[in-house]
Protein chains: 2
Amino acid sequence: MSRPPLAKEKIIDAYVSMLCEEGERAATMEATAARAGVSKGGLLYHFASKELLAQGAIDGLLRTHEEDLQHMGSAPEGPASYFVRTSTVIGGELDRYFLAVLRLAQGGHEPSVKALEDVQEGWLNLIQLEVKDKYAAEAIMLIGEGLYYQTSMPGSWSTGTFGKDLDHLLKQVERLKNGN
Amino acid sequence: MSRPPLAKEKIIDAYVSMLCEEGERAATMEATAARAGVSKGGLLYHFASKELLAQGAIDGLLRTHEEDLQHMGSAPEGPASYFVRTSTVIGGELDRYFLAVLRLAQGGHEPSVKALEDVQEGWLNLIQLEVKDKYAAEAIMLIGEGLYYQTSMPGSWSTGTFGKDLDHLLKQVERLKNGN
DNA sequence: GTCTATAAGTCGATAGAC
DNA sequence: GTCTATCGACTTATAGAC
């Protein structure tokens, strides 16, 4: 896990951080290089184009997403509650990659849109294993996505209206889980 | 309502359309001028900076949002269902302004983030008049925002997974509205 | 009011020294 | 591997003709 040259990881980390904290427009190759502590030419040795840099962020998302599905599938509270609960907690490795790729997707980057669709499908499949009512499962998915919509607002890292009411929100999820 | 010079409206309309259809990055002043049928210099006579152009889009959002609150408050189905239902219907004047300002906000534009917070607060207040349970109202808001999260994906204009299941989704909203 | 021309700066990417 | 230097394209904004 720590074999590849250190510089590559530092660059991806800097790129993802800039996407999360300052948006896609600010995440230029020059700014990324400066934050990673290398020169622009040094960055381009490891990532020959901006497209390859974006692909690096997508790879990180898919890798951490697979790990997350393991945790979600074996969570004592069940996949649905696990999903909604972790939708509000920003700061983990998966969240950082997710938000970074979300920013790329919202900027029109097609491979990022595709990656997010795959991630979303993985979540929905697990939730539907627990919540048999298809439309209740979809409503729960939308609540989680609504929370991501909020955290995707620049400057509002985990300061959303709903973060502090998480326990009450999970009760609403319980009501959706238990059919009429 | 139709007093101000026609060119200004054409320019705002072109700017909003480009934000919606091709994203923030493509909505340059040059491209906006071309789409509005004026030259770059002609555009800058009406909007002296890109910031003022963005403010024009925000003004359009706040104006149409006030009109929407009237409809939402007097909707026979109630504000909550009206809100979720109209979250999936893209194409109206408000939706265009909302999506345009959302793109600006996601690009890090602070005045747009502030405007969206105000719009969101207006919606939540109306929903809470109907749905007394505060947390049920918040869950309904999140479902609507989850739908907006999907429509905010470039290239997926109203082709989301949930658009065709709207009737079933509204039944889930009904369950949240009627307390336990 | 609307245009052309251009200034001034930034972006991604290349070339070549060390 | 990492750097400096620089190119060509693009973006916002200004100046001034009509």
| field | Minimum-distance nucleotide to B/Leu44 side chain [options: C/dT2, D/dA13, C/dA13] | value | D/dA13
| query | In whole angstroms, how far is the P atom of C/dT14 from the CG atom of A/Leu43? | reply | 13 Å
| task | Check the side chains of A/Tyr82 and A/Asp68 for a donor-acceptor pair under 3.5 angstrom, ignoring hydrogens and angles. | result | yes
| remark: Rounded to the nearest 0.5 angstrom, the NZ-NZ distance for A/Lys177 and A/Lys171 is 13.0 Å
| remark: When rounded to whole Å, the NZ to C1' distance for the pair B/Lys10 and C/dT2 reads 12 Å
| query | Going by number, which of residues 29-39 of chain B have a non-hydrogen atom under 4.0 Å from DNA chain C? | reply | B/Val38, B/Ser39
| Length of the line joining B/His46:NE2 and C/dC3:P, which is rounded to integer Å | 9 Å
| note | In whole angstroms, the gap separating P of C/dG1 from CZ of B/Phe47 amounts to 14 Å
| query | Do you know which of A/Ile12, A/Leu19, A/Leu62 makes side-chain contact (heavy atoms from CB on, under 4.5 Å) with A/Tyr97? | reply | A/Ile12
| query | Taking for each residue the nucleotide of DNA chain D with the nearest heavy atom, is it A/Lys40 or B/Glu51 whose nucleotide lies nearer the 5' end? | reply | A/Lys40
| request: Report yes if at least one side-chain N or O of A/Tyr45 is closer than 4.0 Å to OP1 or OP2 of D/dG1; otherwise report no. | output: yes
| request: Measure from CD1 on B/Ile11 to C1' on C/dC3 and round the result to the nearest Å. | output: 13 Å
| Nearest-nucleotide comparison on DNA chain D, the residue closer to the 5′ end among B/Arg25 and A/Gly42 | A/Gly42
| Backbone of A/Phe83 reached by a side-chain donor or acceptor of A/Thr86 within 3.5 Å | yes
| said: For B/Gly41 and A/Ala27, find the nucleotide of DNA chain C closest to each by heavy atoms; which residue's nucleotide sits nearer the 5' end? | reply: B/Gly41
| message | Looking at B/Leu176, is its backbone amide N or carbonyl O close enough to the side chain of A/Arg175 to form a donor-acceptor pair, meaning the two atoms are under 3.5 Å apart? | response | yes
| said: Whole angstroms only, please: what is the CG-P distance between A/Leu52 and C/dG12? | reply: 14 Å
| Ring-ring centroid check A/Tyr148 B/Tyr149, cutoff 6.0 Å | no
| remark: Atom NZ of A/Lys8 and atom P of D/dG1 are separated, to the nearest Å, by 11 Å
| Going by atom types alone, do B/His168 and A/Glu138 pair a side-chain donor with an acceptor below 3.5 Å? | no
